[in-house]
Amino acid sequence: MEVAKIISPYEVASFFMARAYDVQAVEKRWQERWASSGFYQVDASDPRPAQYVLCMYPYPSGPAHQGHVRNYTFGDLIVRYRTMTGFAVLSPIGFDSFGLPAENAAIATGVHPRIFTDQRIEELKASLRGLGAVYDWRREIRSHDPSYIRWNQVIFKRFYEAGLAYRAEAPVNWCPGCQTVLANEQVLADGTCERSGDVVEKRNLKQWFFRITAYADELLNALPTLDWPERVKVMQRNWIGRSEGAEFDLEVQGRPDLKVRVFTTRPDTSFGMTYAVLAPEHPLVDLLVTPEHRQEVDELLQRVKTASELERSSSGGALEKRGAFTGSYVINPFNKQAVPVYVADYVLMSYGTGAVMAVPAEDQRDFDFAKVHGLPIVRTVQPPEDFTGEAYTGEGKKINSEWLDGLEIAEAKERAIAWLEANGIGERKVNYRLRDWLVSRQRYWGCPIPIIYCPRCGMLTVPDEDLPVLAPDDVEFKPTGESPLALHEGFINTTCPSCGGPATRETDTMDTFVDSSWYFLRFCDPWSTDVPFNPELARHWMPVDQYIGGIEHAILHLMYARFFSKALVDLGIAPTEAREPFSRLFTQGMIRMGGTKMSKSKGNLVAPSRYFETVGADALRLFHLSVGPPADDVDWTDQTDEIIEGAARFLDRLWRLAVAPEEVLDRSARVETSGSTKAASVYRQQDEITEADMEVKRATHRLIVRVTEDFDRWSYNTAVAACREFANMLQRYLVQGAHRVVYDEAIDTLLLVMAPMIPHLTAEAWEIRHGDHIHERPWPVADPELAKEQTVTMVVQVNGKVKERVEVPVTIGEAEAESMALSMPKVVHALGGDKPKKVIIRVPRLVNVVI
RNA sequence: GCCCGGAUGGCGUAAUUGGUAAACGCGGGGGCCUCAAAAGCCUCUGUCCUUGCGGACGUGCGGGUUCGACUCCCGCUCCGGGCACCA
C-alpha cells in the first residue's frame, strides 16, 4: 500500500479545529455526490461480473422506521462491499405503493390516494438518502405507476390464457372491517383479520384465483436447493403441507347410485374404520340424511353456517366436537362391514375430498369424537406395553387387520394401496395444504383486473393495446365499504372488444402481493415498453444474489414470488435463470419496544431523522451493525440512545486517528506528562521497523482477514468489534510513538474495511488523506504471511484446570511445550514428585497434565 | 398439541473445528486534566472467600461422554416464533 499523503499538522496550527468533523455537512455532501456521480448505476454492458443485491420492496408508509434503517443498512453495506471487491452490483429500489392505508386515508381526509402515496414515497426516499444508502435510482418502480400497472395486467392476461388465473365461486374470508375479501394467509389463527382485528366471516362470492397449487410440488422440491434460512424453508414446507396417502370410495348401504370418496394418509388403518364423516358443506350430506335424522343434521348445519371461523376453530380443541348422525351407513371395502356416516364440523370441505374414514384408535380427533358419540374403537397397530395415551400414532405391528396383520406400518400402507388399486376402489393420492391464491380485492387503490363481461360474448380480457386499465380519478371515497370502482358508471360501462356491444368491467383489483411478485424482474429492465422486461437483461442479472428482508415475509411474499417466477419462465416471459428468483435470502430480526410491538407514539420517538440531525447517519448505522447478530431481534430500550452515543464517540475518535493524529497525541500526552510538555512530533523520527511496528503491521493484515470473513458470514457485530479493537490498539501505538509508514497503512486499512459500514466518515477522511473516493478503491487484500500470528498464549492445565499462561511462538514443538509445562513451579508442585499419568499436548494452544 | 429457534456478567453480546469463558460495547467505580464543568485520557469492573499472595465457584436445570464441554449425547424447565381440526 502506498504511503499516505497527509496534510502536515505543523502547516496549520488550527488545522484540526478548522477541519473538525462536521457530521451534518459531511453527510449531506457525500449523499449528494453519490446521487449525482452515477457510480452506483450499473448496466448489463458492465464488464465486471454481475451481482444483484436487493432489499424487499418497501411499502411507503412515510419516513423510514428503525426496521427500514436496519434493512437498508445491511443492504447498503453489501452493495458497497461487493462493489469494492470488483462486482457490478445492481442495487435498485422501488415502492410497493398500492394498498389499503392510502385508501383509508382518502376516506378519512378526502385526499386522493395517489397524492397521499406520492407524499409518503418522498418522505421514505428522504430517509433513505439521509441514511446514505446508494441505489440506481434510474430504475425506481412504483406499483401504482401506469407503466407498471400495464405489465401487471398483461401478466394477469397471460396467466388467464394459460389457465393459471381463473374465476370461481368460493366461500371466502370476508373482513367486515376492511370490507374486502382476505386471503387465507391474511386470516389469523383465531379467525380475525391480520390488519383490522375484526372477526372474519364466510361469504360465497365469485373471485379471481391464481393456480399456485399447480406448482406445489416444485415449490416444495426446490426448497433444498435454496441458500435460505432453514426456518424459512421449514415454514414454507409446512405451508405447502404435502401429504401422501390414498383416496378411495365407500359404497353407501342401500344406495348403489352413491359413493363417498375419502382421503387418508393411513390406508393401513382401514380395518379400524368404525364410522365415516362428511364435512357440513359436503354435497352428499343432503342425499344421505334420512328423514328421522333430518332435524338433528339441519340444526348442526345451521350452527356451522352462523358460527364464525373463530368459534369453529376455538371450540374445536379436543372435546366439543360437534356432529350428527345422518342415519346412513357406508361399507368399509376392506372388511365389508357397514359403518355409520356422520356430519361433523371437524372435517373440512376444503381439504382432500371433504370426507374421511374415521379410525379413532389411530387418530386423536376421531378418538375424541368417538368417545363423545359412543362409537367403537378398534386398534390396528399394537402400541407398546407402556402406552397410556388414547389414539396411537407410533410405529408397531398391524393387528385386527386380516391380511395386513404382523406387518410394519410402511409396508402395510403399500399393500393397502396396491389392494385398492387392484380392485378398482381407489388409488395412491397426494394432497396439499396449499390452496390457490385468491387475488380479488374489492378495493380502489390497487391494480384493476383487465376483464370485461359481455352479455353476448361472455368473459373477455381487455386487448393488450387498451392496457393499462386505470382506475378513474373522479371517484368519491365514502366509508360505505364498497369499492368506488363498483359505483363509477364511467368505469364500469365499456364496450365489448369482441362484438362492440355494451359490456361491463370487472371492478375487483388485485392483491398487492401481485405487485411484489415480479418487481425484481422489472428492475432488470424498467424501461422496456414492448415486454414486461427484456429476458436477456433478466438473464444477465437474475437470480437475485442476495435478498434481504423481514422474517414476516417468510411465507406469503416469498412463496408468491417463487410461484410467479416459475410461471413467468414457463410462459416464456422470464429466462430460466429466474426460475428460483432469490438464491440467497437473509431475514433480519425485528425491532421490538417494551417487549412487544412498537406503539405509534413510541414509534415516533425512534424516527431516524432524530439521529441524522444529531449524531448522524453513520452513528445510527454503526449502532445497527454492532448491537447484535443481524438475524436477532433488537430491543429498543433506555440503553439504546447511550449505545448510539457511544458509536458517535467512536466515530469522533476514528476521525482524529485518521486526519488529526496530533490531537490524539495531545489528548493522551496531557495525561502522560501532566500537560507540562507536548510531544515534539506525532510520529517517531527513526526509520527502522521495530518489533512493535511489526505487531501493528500484522494486526493490520489480520483485521482485513477478520472483517472480510465476518462480512461473508453476516457477522457485522463482530466485524465492528474487530475494528474497534484495532482502533484501540492504534491509539496506544500512536501515543507510544508510531512509525509513519506502518501507521498510515494501518489507518488506511481501517478506513477501507469500514467504508461499507460508515460510508460518510470514511469517504471524507479518505478524501482528505488521498484526494480520491474510497468507495472506488479495491477491497484490501491481506498478506497471508503477515496475517499469521507469531506468538500465541499457551495454556498449561493440570487436570483440565488452567494453572499458567505463557507466550510461545506458534511454531513451538510438542517436546518443547511439554518440558516447558512440566518445569513450571505450579505443575511441579501439583505433581509432588510423581510422574504425570498422561500429558495432552495441543501445540501451540494447550498442554494438559493429568495426574 | 406439532414444528423451529433461544437461554452466557448489572445490560447488549463474543468465543468460526471439543482446547484461556466473557472479546467489543453500554452502564458503574476510581484517577488525570480543569478555577469548575463538558469533552478527552488512564484504570478497575462475573460471584464468593481472603489484609494480601492466592483459592473456590461460574455459560437455564439434572445426568452422561471426554484429559478437557458454552460447544457433543440423553432427560427436563422457561422464553420467543411458526402452524393449528389439513384426515
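Labels below follow one simple rule: chain letters A, B, ... track the order of the sequence lines, proteins then strands, and each chain is numbered from 1.
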If you measure from the [atom1] atom in [N] to the same atom in [M], how many Å do you get, rounded?
N	M	atom1	answer
B:C83	B:G9	C1'	37 Å
B:G19	B:U71	C1'	11 Å
B:G30	B:U20	P	35 Å
B:G68	B:A21	C1'	14 Å
B:U8	B:G80	P	14 Å
B:G31	B:C79	C1'	42 Å
B:A14	B:G52	C1'	33 Å
B:C78	B:C73	P	22 Å

Which whole-number value in Å describes the distance from [X] [atom1] to [N] [atom2]?
X	N	atom1	atom2	result
A:Glu804	B:G55	CD	P	9 Å
A:Leu278	B:C85	CG	C1'	16 Å
A:Ile551	B:C83	CD1	C1'	14 Å
A:Glu645	B:G27	CD	P	8 Å
A:Arg435	B:C83	CZ	C1'	13 Å
A:Asp638	B:G10	CG	C1'	14 Å
A:His282	B:A87	NE2	C1'	13 Å
A:Arg732	B:C42	CZ	P	9 Å

Quiz item: cation-pi between A:Arg261 and A:Phe248, 6.0 Å / 45°: no
Per-nucleotide protein contact string for nucleotides 18-25 of chain B (B base, S sugar-phosphate only, - none; heavy atom under 4.0 Å): -BBS-BSB
Go ahead and name the base partner of [N]; Watson-Crick or wobble counts if both distances stay under 3.5 Å, otherwise write none.
N	result
B:A7	B:U77
B:C57	B:G46
B:C24	B:G12
B:C41	B:G31
B:A36	none
B:C83	B:G1

Short side-chain N/O contact from A:Thr640 to OP1 or OP2 of B:C26, under 4.0 Å: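 Result: no.
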Phosphate OP1/OP2 of B:G80 contacted by A:Arg592 side-chain N/O (<4.0 Å):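 A:Arg592 to B:G80 OP1/OP2: no side-chain N or O under 4.0 Å.
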Pairwise salt bridge (charged side-chain N to carboxylate O under 4.0 Å, His left out) hits with a residue in residues 641-652 of chain A, at least two apart: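 Of all non-adjacent pairs touching residues 641-652 of chain A, those that pass salt bridge (charged side-chain N to carboxylate O under 4.0 Å, His left out) are A:Arg610-A:Asp641.
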More than 12 heavy atoms of other groups within 6.0 Å of A:Arg845 CZ: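 It does not: A:Arg845 CZ has 12 such atoms or fewer within range.
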Greater than 12 external heavy atoms within 6.0 Å of A:Arg702's CZ: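 More than 12 heavy atoms, drawn from other residues, nucleotides or ligands, come within 6.0 Å of this atom.
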Categorize [X] for me: base, sugar-phosphate, or nothing, with a 4.0 angstrom heavy-atom threshold over every strand shown.
X	value
A:Arg237	nothing
A:Lys801	sugar-phosphate
A:Ser350	nothing

Partners meeting ring-ring contact (aromatic ring centres under 6.0 Å, His included) with A:Phe271 (sequence neighbours left out): A:Phe334, A:Trp403
Ring-ring centroid check A:Tyr611 A:Phe623, cutoff 6.0 Å: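 Distance test on ring centres: not under 6.0 Å, no.
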Where the side chain of [X] is concerned, which of [options] is the nearest nucleotide?
X	options	value
A:Met235	B:G82, B:U13, B:U16	B:G82
A:Tyr346	B:G27, B:A14, B:C85	B:C85
A:Asp710	B:C3, B:A14, B:U16	B:U16

Chi-angle category of B:G9 [syn within 90° of 0, anti beyond]: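 Classified syn.
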Partner set under side chain to side chain contact (heavy atoms under 4.5 Å, CB included) for A:Thr718, not counting sequence neighbours: A:Asp710, A:Arg713, A:Ser715
Salt bridge (Lys or Arg N to Asp or Glu O under 4.0 Å) against A:Arg433, all qualifying residues, sequence neighbours excluded: none
Which residues share a salt bridge (Lys or Arg N to Asp or Glu O under 4.0 Å) with A:Glu814, sequence neighbours left out: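 For A:Glu814 there are no salt bridge (Lys or Arg N to Asp or Glu O under 4.0 Å) partners, ignoring immediate neighbours.
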Closest-nucleotide 5' rank along RNA chain B - winner of A:Lys803 and A:Arg713: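 In this pair, the answer is A:Arg713.
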Closest-nucleotide ordering on RNA chain B, the 5'-leading residue of A:Asp652 and A:Tyr351: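 Residue closer to the 5' terminus by nearest nucleotide: A:Asp652.
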Donor + acceptor pair across side chains of A:Glu807, A:Thr793 (<3.5 Å):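 Indeed, the side chains of A:Glu807 and A:Thr793 share at least one donor-acceptor pair under 3.5 Å.
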